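Quick notes on the structure that follows.
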Amino acid sequence: MSTSARADRLSVPTGPGFAENQRARAAKVRRERLTTLAVTVVVAAVVLGMLMPFAWAGLTAVKPFWAAFTNPPTWSFTPQFDAFGDLWRGTRFAEILLNTLLVAVAAVLVMLVVGAPAAYAFARYAGIIGPVLLVLAVVLRTVPRFAVVLPLYEAARAVGLYDTNIALVAAFVAVNMPFTLLLLVGFFRDIPEELDEAAMVDGCSRLGAFRRVIVPVMGPGLVTAGVFTFLVAFQEYLIALTLTQNDAVTIPVFIAAQRGADETSTYQLLAAASIALVLPIAFIAVAARRYLVAGLGGGAVKA
């Protein structure tokens with residue numbers, strides 16, 4: 001046997017210890033695979049359970065009227081979209097949808113215009129009182145909606161803004177500002193203060209450094225806060241129900257108001273409206289998923 005063959009043979013681990021290690025590694029791999037499989041099954045079951053109501057509403061909206069209420073359910077049918085046509089032509093849905101989008105976008109703009117400078121100040125100059133105010137803001141954010149809707153209603157009535165978009169935007173901003181501050185403060189703290197100092201050395205004022213240097217760097221954080229605010233404002237029900245009556249009604253309030261004495265006649269209309277409400281939210285959530293994950297795992301935690 002050559003010298004190289006003997007060296008290769010001697011370098012191969014042998015013995016009971018090596019075999020035991022191999023068995024332990026194989027058992028560990030099997031446990032990890034079983035754990036992954038179990039977690040996958042559980043997550044899949046949870047996701048399917050969450051999607052079932054939307055799938056059922058979608059099927060109800062596209063079924064013929066006779067097939068929408070059979071028991072047991074009818075699975076073989078030709079899809080029809082009469083419910084969506086009746087929703088758009090026979091109700092104020094298009095007008096109310098446009099109003100809901102307008103209110104949500106306005107709330108996002110006001111939130112960012114007010115919240116971004118405030119969060120920047122908290123992140124840079126708040127000192128000792130900053131964390132206390134942020135904790136207080138979070139505590140106020142956790143107050144149940146029922147505790148704030150009555151003061152909001154009275155305030156809107158007192159200033160003559162009841163049933164107006166201005167009242168809705170102001171309420172959405174007031175309720176959601178604490179979360180936006182907490183989120184943006186975490187993103188601002190991730191930006192080195194040397195950027196501010198370098199901009200001011202180059203001749204920028206403090207406001208100029210914020211507007212020309214910090215805000216462009218904060219793009220992902222602003223998008224994250226804007227998406228969260230939009231999603232909350234678009235589907236908010238209790239505040240919109242309390243502050244509106246006819247002119248400034250939003251989609252969630254409209255859907256709740258469609259229930260009449262004969263629920264069967266409006267059931268498909270409600271299903272179509274629900275799907276029309278969910279689709280924009282789902283589209284925005286999927287399109288901005290990277291920013292939403294960044295907000296949940298980054299700025300909101302580090303604040």
Side-chain angles (χ1 to χ4, degrees), residues 40-105 107-108 144-146 149 163 165 168 172 227-289 292:
T40 302
V41 171
V42 172
V43 171
V46 171
V47 171
L48 289 175
M50 296 173 64
L51 293 179
M52 276 299 297
F54 305 108
W56 190 266
L59 289 174
T60 302
V62 300
K63 282 182 178 181
F65 183 79
W66 63 267
F69 309 101
T70 57
N71 190 16
T74 300
W75 301 108
S76 178
F77 60 90
T78 301
Q80 298 180 3
F81 299 92
D82 295 341
F84 292 95
D86 294 340
L87 180 68
W88 284 91
R89 293 190 299 267
T91 67
R92 298 173 54 206
F93 183 82
E95 173 191 346
I96 295 174
L97 176 61
L98 181 61
N99 184 70
T100 307
L101 291 171
L102 176 64
V103 169
V105 171
V108 170
R145 287 284 198 273
F146 290 100
V149 290
D163 199 19
N165 289 340
L168 278 182
F172 291 157
V227 169
F228 273 113
T229 302
F230 180 89
L231 295 179
V232 172
F234 189 81
Q235 57 189 326
E236 174 62 43
Y237 172 69
L238 186 58
I239 292 178
L241 175 66
T242 306
L243 297 182
T244 63
Q245 183 174 6
N246 184 59
D247 296 335
V249 169
T250 59
I251 291 296
V253 178
F254 167 82
I255 293 175
Q258 297 308 303
R259 295 186 60 184
D262 183 12
E263 294 187 10
T264 303
S265 61
T266 59
Y267 194 65
Q268 284 188 294
L269 199 67
L270 287 172
S274 300
I275 295 302
L277 172 65
V278 169
L279 286 180
I281 297 175
F283 175 79
I284 293 174
V286 171
R289 62 188 182 277
L292 296 177

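None of these values were measured; they are calculated from a predicted model. Quick note: numbers below take in every heavy atom, side chains included, and nothing from hydrogens, waters or symmetry partners.
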request  = Fit a plane to each ring of Phe230 and Phe234, take the angle between them on a 0 to 90° scale, and name the class: parallel (under 30°), tilted (30 to 60°) or perpendicular (over 60°).
outcome  =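 Phe230 and Phe234: parallel rings.
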Can you tell me how far [atom2] of [Y] sits from [atom1] of [X], rounded to the nearest 0.5 angstrom?
| X | Y | atom1 | atom2 | value |
| --- | --- | --- | --- | --- |
| Asp86 | Phe81 | CG | CZ | 13.5 Å |
| Ile275 | Leu87 | CD1 | CG | 11.5 Å |
| Leu98 | Ile251 | CG | CD1 | 10.0 Å |
| Leu102 | Thr250 | CG | OG1 | 12.0 Å |
| Leu277 | Ile96 | CG | CD1 | 12.0 Å |
| Thr100 | Asn165 | OG1 | CG | 9.0 Å |

ask   = Does any non-hydrogen side-chain atom of Phe84 lie less than 4.5 Å from one of Val62?
value =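 Yes, close enough: below the 4.5 Å cut-off.
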request  = For residues Phe254 and Thr244, determine if any side-chain heavy atom of one lies less than 4.5 Å from a side-chain heavy atom of the other.
outcome  =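 Not in contact.
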Looking only at heavy atoms, which two atoms of [X] and [Y] are closest? And how far apart?
| X | Y | value |
| --- | --- | --- |
| Ala271 | Ala57 | CB-O, 3.4 Å |
| Ala61 | Ala83 | O-CB, 3.6 Å |
| Ala240 | Leu168 | CA-CD2, 3.7 Å |

query = So, Asp163 side chain and Asn246 main chain: donor-acceptor pair closer than 3.5 Å or not?
reply =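 Yes; at least one donor-acceptor contact below 3.5 Å.
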